2 protein chains.
Amino acid sequence: MAIMFHSVKTILPTTTDKLFPRGGYAPQFIECEMSELPITPQKNLLLAALPLDVQNRLQPKMELVPLPLGKVLYESGDTLSHVYFPTDSIVSLLYVMENGASAEISVLGNEGLIGVAVFMGGESTTSRAIVQSAGYAYRLPSRQFKDEVNRHSEMLHLMLRYTQALITQMSQTAVCNRHHSIDQQLCRWLLLSLDRLPTNELVMTQELIANMLGVRREGVTEAAGKLHKSGVIEYSRGRIRVTNRPKLEQMSCECYAVVKKETDRLLPFAVQVIALG
Amino acid sequence: MAIMFHSVKTILPTTTDKLFPRGGYAPQFIECEMSELPITPQKNLLLAALPLDVQNRLQPKMELVPLPLGKVLYESGDTLSHVYFPTDSIVSLLYVMENGASAEISVLGNEGLIGVAVFMGGESTTSRAIVQSAGYAYRLPSRQFKDEVNRHSEMLHLMLRYTQALITQMSQTAVCNRHHSIDQQLCRWLLLSLDRLPTNELVMTQELIANMLGVRREGVTEAAGKLHKSGVIEYSRGRIRVTNRPKLEQMSCECYAVVKKETDRLLPFAVQVIALG
DNA sequence: TGCCATCTGTGCGTTATCGCACATAGCGTT
DNA sequence: AACGCTATGTGCGATAACGCACAGATGGCA
């Protein structure tokens, strides 16, 4: 399969060793165009939705950090030292079982935050947060985040709404895992990722997608082959380009639409303009 | 299979028509011994964990309502008029798909409440809340519940902790749906139900269990047959008695233990004394 | 230019679960 | 005591996904 992808430069180190259990993946990164698109806290839609005075209070306390692919923001059971507000990165919440098998619980980008357990009170969760698409995030020490949430009820209510959206996605994942085929789930997964990216191209091997979906790599290969035959995607060695998004949506199970609709309802400020393939 | 179950009296009407999509189930109820065990708000462990002054404020606003098997407390998309604090009933959060297939997202008893979406801000969810084991619950109008939560930060924090426990269970359900066999999942499901009942006997047909697990009824029949052969359970026509709980735990997947441990961590006041089979 | 790690494609037997059909059994009602 | 509804048991072919093995393709790098 000869597909042209524009060349990219490696600008961030990877930390994938032992992080993606099955794979030995060492990918490259799309250059982050810092000069053209300055990364501000407002790139995160939750931060942007806060009242201006709260934004101003938070700004000096936050720190912009790069999130290379495969970086683990926290491990199951870890006490969370910071919460992260992605600006252009994508993070998966992944559950890893005793035998090493895994499954994605939810995925989030600049519409969300990593670390709801901080204000939920548990301080840790049973899942792992792992960077699925490299980029940046603003982070805030948990302690200060908690103070702000307790001080500004508007911030609390925003976080709670986001948490409900997260719950919706988790529920739907459970249902999808039960009832839908790998083909359909791949479509759902691609759409969820696509919604959190500025382009229609994702940097992700089939091996990693398989880890996220909790299925065999070969299963993803087969499903991706079908999507290619249908003219929906093109791909090559860790890059996937969606060329027909409407058809992708059509081939997906209802789960994508349900989650999208509910997320848009709960977080109307985060309604995304979809990049047409 | 000749198993003796103590006779029971029907004391509550059922509302199962069209509520459990696949089944035409019309079961009886175990008599609720009101006189021996007065039902007080403190039977619900969340209510019991509140500061006394808050309990006293809430008490007159709450109403004790019977929850017959199969009753739908809310439907997907419904605006929640009340939140429910079960005292001795069990409620499942169930997702019902477009084609009628379903899957349980989580289950809760007197350690929880139905209606987290009220203080999360969404006012509705994409799931259905349905009574899985008849009993009672105290309910509180959503409006008043919200006021109390906003007024008493202690109450808010308690609810948030419970919500995190709920999230943990949802996540684990997603993983379990992906990776574990029907046999294992049945064990998990029985244990989760058992923990929320005062006895080691549950009133539930295999058909309904299949609905909860999102699998075929025949699959549950087979799995239950194996458990019986192993001497773990006895059952007959809508009643299941667990006779060897340790073995049941041993045959379950890790998911039960993970959820239990995390729930106990988050809600230490709700640690349950397990009825030995 | 050629090497080589790694990503993707494919085949094949095995297994779990499904969907359907129908048989058997338990229990309340007449 | 017989009936009938409902719950449970069982068999069977179809299917989806699995685990494994290995072939082929790609692209970075020496």
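Computed from heavy atoms alone, side chains included, the values below leave out hydrogens, waters and symmetry copies. Lettering of chains follows the sequences in order, A, B, ..., and the numbering in each one begins at 1. Remember, predicted model here, so these are calculated numbers, not experimental data.
- The nearest whole Å value for the distance from the CD1 atom in B:Ile240 to the C1' atom in D:dA7 is 12 Å.
- In this structure, the nucleotide among C:dC18, C:dG9, D:dA17 sitting nearest to the side chain of A:Ser181 is D:dA17.
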- I would like to know whether B:Val175 and B:Val258 meet side-chain contact (heavy atoms from CB on, under 4.5 Å); could you show each step before the answer? CA-CA 12 Å; B:Val175 174; B:Val258 169; over 6 Å; no
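- The distance between atom NZ of B:Lys229 and atom C1' of D:dT10, rounded to the nearest whole Å, is 11 Å.
- Partners of B:Ala223 under the side-chain contact (heavy atoms from CB on, under 4.5 Å) rule, at least two apart in sequence or in another chain, are B:Ile182, B:Asp183, B:Leu186.
- Applying the salt bridge (Lys or Arg N to Asp or Glu O under 4.0 Å) test to A:Arg188 and every residue at least two apart in sequence or in another chain returns nothing.
- In this structure, B:Glu207 places its CD atom 14 Å from C1' of C:dG19, rounding to the nearest Å.
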What are the atom names and distances for every N/O pair under 3.5 Å that joins the protein to nucleotides 20-23 of chain C?
residue, atom, partner, partner atom, Å
C:dC20, N4, B:Glu218, OE2, 2.7

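- Shown here are the side-chain contact (heavy atoms from CB on, under 4.5 Å) partners of A:Ser92, two or more places apart in sequence or in another chain: A:Glu104, A:Val107, A:Ile130, A:Gln132, A:Met212.
- Partners of B:Glu222 under the salt bridge (Lys or Arg N to Asp or Glu O under 4.0 Å) rule, at least two apart in sequence or in another chain, do not exist in this structure.
- Scanning for side-chain contact (heavy atoms from CB on, under 4.5 Å) contacts around B:Ala165 gives B:Thr263, B:Leu266, B:Leu267, with sequence neighbours left out.
- Picking from D:dC18, C:dC18, D:dT8 the nucleotide with the shortest atom distance to the side chain of A:Val215 gives D:dC18.
- Whole-Å rounding puts the A:Arg178 CZ to D:dA17 P distance at 13 Å.
- Nearer to the 5' terminus of DNA chain C, by closest-nucleotide assignment, is the contact made by A:Gly225 (compared with the other of B:Asp183 and A:Gly225).
- Heavy atoms only, all atoms of each residue included: A:Ile105 and A:Thr173 are closest at O-OG1, 3.2 Å.
- For A:Gln206 and C:dT6, the shortest distance from a side-chain N or O to OP1 or OP2 is not below 4.0 Å.
- Residue B:Glu222 contributes atom CD, which lies 14 Å from atom P of C:dG19 at whole-angstrom precision.
- A donor N or O paired with an acceptor N or O is not found under 3.5 Å between the base of C:dT8 and the side-chain atoms of A:Arg237.
- At C:dG9, one or more side-chain N or O atoms of A:Tyr235 fall inside 4.0 Å of OP1 or OP2 (strictly under the cut-off).
- B:His179 places its NE2 atom 13 Å from the C1' atom of D:dA17, with the value rounded to the nearest Å.
- Across the protein-nucleic acid pair, A:Ile209 atom CD1 and C:dC7 atom P stand 12 Å apart, rounded to whole Å.
- Distance B:Asn211 CG to D:dT8 C1': 16 Å, rounded to the nearest Å.
- When distances run from any side-chain atom of A:Ser236 to the nucleotides C:dG26, D:dT8, D:dG27, the shortest one goes to D:dG27.
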